[in-house]
Amino acid sequence: MSHQITNPDVPLDAIEVRGDTRQAFLLKATLATGALYGAGLVGPTVRRALAAGEMGDVDILNFALTLEFLEADFYRVGRKLSLSDEVAAAAKRFGREEAEHVTALKATIEKLGGTPVASPRFSFPLRDEASFLKLASKLEDTGVSAYNGAAPAIESKEVLGAAGSIVQVEARHAAVIRLLRGKDPAPQAFDVASRKDVVVKAITPLIRAGA
Amino acid sequence: MTTPAPQPETAPPDSRRGFLRVAGAGGVAAAALLLAACGDDDGASSTASTATAGSSADAGSADGDLKILNYALTLEHLEADFYAAVVDAGVLEGAEQEIAKRFGESERQHVEALIATVKKLGGTPVERPKSTFPVEERKAVLELAATVENLGAAAYLGKAGEIQSPEVLAAALSIHSVEARHAAALNHLLGKPSTPDGAFAKAADERTVLAAVKPFLVA
């Protein structure tokens, strides 16, 4: 998929993370994801924010919150389509779970002293069950890659644990949606991690202009 | 920035603990609250108290990652061997047999990656455990597969917060979500909820996981 990165051209030992140069002691070939997480998220801006205070985790949580807004709204809209019983049941369940993610992320951001971002207004190109499942698959796979890409930069191990708990559910959604489409639920042995800018680019077409 | 040192055992910065020391009890309490809201169990409180205690584990962080990697390796060996036994037994057919083959191949790749990672970190990969699985009947095989995969996903989730190296964490996460995909697919095929814990997946601690797999180990 175009929003996923499988062949990063950023050498692992060139990625700067919070003032330290990481060492290339891991398997670049087998574990390509390891090279990815810092490339987009921990750019100069974020590094400055990290250096200035405890903004890092709040930024990441707000990034996650935006994705969960998107997913929750997607299922809310999608459920209005004429769907088969099996797909409708999945849409209802998954939509409810995304809404719970929204609630939890907002609460966490506030407890960390941050301000939850407002939800953008979204527009989904949905016509029928097939287009619903296709976009659902893209959004859930994007969600998995976004969390996997962002999580290693999380400072608080408790926030990390919560993010892990959510990404596992995103991966479960992704697998079932893929099955409902007749696709391989787990096409790769290692899920990819996506940089934040790549994720943002993937979801931008779904955000209404001016929102 | 400095040139990467050739010594692979040099530990990465202990950033998560460092953050917690700076943030103090407020951050820990907030996160513990989130975990409580997520319906997590007593693992949350022990984690929080450990973090508040500070830097005691810093020096042993590389050793800690190696232990976690070898724990994961043991589980991946079991999963790979389970699927190999299932495929050999021929108890599944068609799409189900295909899934067993594909999932088994992914588990084998996890095994290879973990072995290589342990070696790269200067450790010794744990030996492949001898195991035996009941693979006589289709439904029981699918249910055992679902049990094993759900357990595997919970096991990775249980360790994520303890991993010190960002690279090891990224690798573990890329495997964790694949285990979750396997688990959800098998649950779905069995007509069970694909998200049995609801919106927030629960973690399993090492003791629980090892007790659960013990019946399949051959002494």
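Chain naming here is simple, since letters A, B, ... match the order of the sequence lines and numbering starts at 1 in each.
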Atom pair CG (B:L186) and CD (B:E96), whose distance is rounded to the nearest 0.5 Å: 9.5 Å
Among the listed options A:A175, A:A89, A:A99, the residue most often paired with chain B at heavy-atom distances under 4.5 Å: A:A175
Contacting moiety of A:E140, where chain B heavy atoms sit under 4.5 Å: neither
Evaluation steps, side chain to side chain contact (heavy atoms under 4.5 Å, CB included), between A:L67 and A:E170: CA-CA 11 Å; A:L67 293 178; A:E170 303 292 334; over 6 Å; no
Contacting moiety of A:R93, where chain B heavy atoms sit under 4.5 Å: side chain
Separation between CD1 of A:I60 and OG of A:S156, rounded to the nearest 0.5 Å: 10.5 Å
Contact origin within B:H110 toward chain A - heavy atom pairs under 4.5 Å: both
Part of B:R102 within contact of chain A (heavy atom distance under 4.5 Å): side chain
Which of B:T195, B:L189, B:L173 touches chain A most, by non-hydrogen pairs under 4.5 Å: B:T195
Per-residue contact mode, B:F103 against chain A (heavy atom under 4.5 angstrom): side chain
For chain A, the option from B:A172, B:A199, B:A153 that forms the most heavy-atom pairs under 4.5 Å: B:A199
Side-chain donor-acceptor contact under 3.5 Å, A:H101 with A:E98: yes
Main-chain N/O of A:I154 paired with A:D57 side-chain donor or acceptor, under 3.5 Å: no
Check: A:F122 ring centroid to A:F69 ring centroid under 6.0 Å: no
